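Quick note: numbers below take in every heavy atom, side chains included, and nothing from hydrogens, waters or symmetry partners. Only a predicted model underlies this, so the values are computations on that prediction, with no experimental measurement involved.
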Amino acid sequence: MHCRIETSPIDPDALKSCLRDVRAGAFVTFEGWVRDHNEGRAVTGLHYEVHERLAVKEGERILAEALARYEILDAVCHHRAGDLTLSEVAVWVGVVSRHRAAAFEACRYIIDEVKARLPIWKKEFYVDGESGWVNCAGCAAAHDHAHERV
Amino acid sequence: MHCRIETSPIDPDALKSCLRDVRAGAFVTFEGWVRDHNEGRAVTGLHYEVHERLAVKEGERILAEALARYEILDAVCHHRAGDLTLSEVAVWVGVVSRHRAAAFEACRYIIDEVKARLPIWKKEFYVDGESGWVNCAGCAAAHDHAHERV
Amino acid sequence: MKRVAVEYFAVFREQAGTAGEPLDTDAATVGELFIECARRHGFADPRERCKVAVNDELASWEAALTDGDQVLFFPPVAGG
Amino acid sequence: MKRVAVEYFAVFREQAGTAGEPLDTDAATVGELFIECARRHGFADPRERCKVAVNDELASWEAALTDGDQVLFFPPVAGG
């Protein structure tokens, strides 16, 4: 069980190897990819700012919660920092369990909590040359509609 | 969108490439792995018998249902036939969507329906040299307890 | 009396000792034919948990049986 | 009067025009200090959606402010 912040591309195959377990019958993963649109605006790329030490600490707290709540064997989460281009993997969550229900539920729990709790901020860059911090009241006002999230 | 039966090892990376989509923000996968135990018995490997033509047809019907029910962009399912050893991938389901809730729900729907509806039968081989068809009334009686599933 | 071709899968094939056989039957539906075959070969699985395909399409137990049909009997499935 | 070190992240850093600053304050809690800083720098995000860490631990807005504290103000997060 571990949570890490990475400044270079995430390698899902390497993370999957960490989770190999002959007792496991189910392996569920979530990958967050950089989309080409958000809230109707064409996106060209984005930048993640991360407070690494606190993000890792809070991420491992979330993984420990998942291991306590669900019948899973292990779980891992890696999140990117820095500049990302379209289709890059922004976040990877993997969970192994004996039976599939627990793996699905734990994976969903982890990504929901990671998005809500880790000190990570996303700045989007748009085709028109503008940029904005996602979920920021000032930035939302600037283009006059509510934010939605992946 | 496609469903296939494979007689050689499933290659998750190749399947993931099929699902690349710059509109997608979420990618959820389920892998079923051959466990070393089932219902308390030590398993050494298993054999899947598949009616390929009807399995592919029913699998693609399930994928079409998922595309109609959930806000997803695409989905793929591959299932193994033949002899598998411990930790091999027996089934792979991948779903891409703009937002994560739909990908989780559709992936879960697909694997639940695949396990319940595809004409596929699993024979387990045990450490003691015995073997038995999973979910089979006669085999269950032979070792005298109810069956559970991954 | 009609003549049909029956195919057995997985545990049904093992219990019947064959992958398939031609049968002469008066059964009106595939469900009746299944009961005949289950009795002869000692199939233990309840019909509600089994499935049937007629001429390569999944069918209901109430489907009428026609001379020349190819009937596939599927024991309870266990994919994944 | 106590002296604390404040750090700003993401949009707060851009709005404050600095990653951090020493501040002399009479604020009793970190929540009061946030209101002071938000007023001075024009932070638009409501405090309920923001977070604070004191000496590298996430803290509540009611946490008492002590001379020498290092206080980190986090705007609304957006991981994933």
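Within the 4.5 angstrom heavy-atom criterion, only side-chain atoms of B:V96, from C-beta onward, approach chain A. In this structure, chain B has no heavy atom under 4.5 Å from any part of A:V93. With a 4.5 angstrom heavy-atom cutoff, B:A103 does not touch chain A via any of its atoms.
Minimum interatomic distance between B:F30 and A:A26 (heavy atoms only, all atoms of both residues): CE1-CB, 3.6 Å.
Listed options B:T29, B:V28, B:V95 were ranked by heavy-atom pairs under 4.5 angstrom with chain A; first place goes to B:T29.
Here CZ of A:R108 is found 12.5 Å from SG of B:C107. Values are rounded to the nearest 0.5 Å. In this structure, CZ on A:R23 lies 13.5 Å from CG on B:L86, to the nearest 0.5 angstrom. The line from CZ of A:R35 to NE2 of B:H99 is 4.5 Å long, rounded to the nearest 0.5 Å.
No more than 12 heavy-atom neighbours from other residues, nucleotides or ligands sit within 6.0 angstrom of CD on A:E71.
Interface residues of residues 1-20 of chain B toward chain A, defined by a heavy-atom distance below 4.5 Å and sorted by number: B:P12, B:D13, B:K16, B:L19, B:R20.
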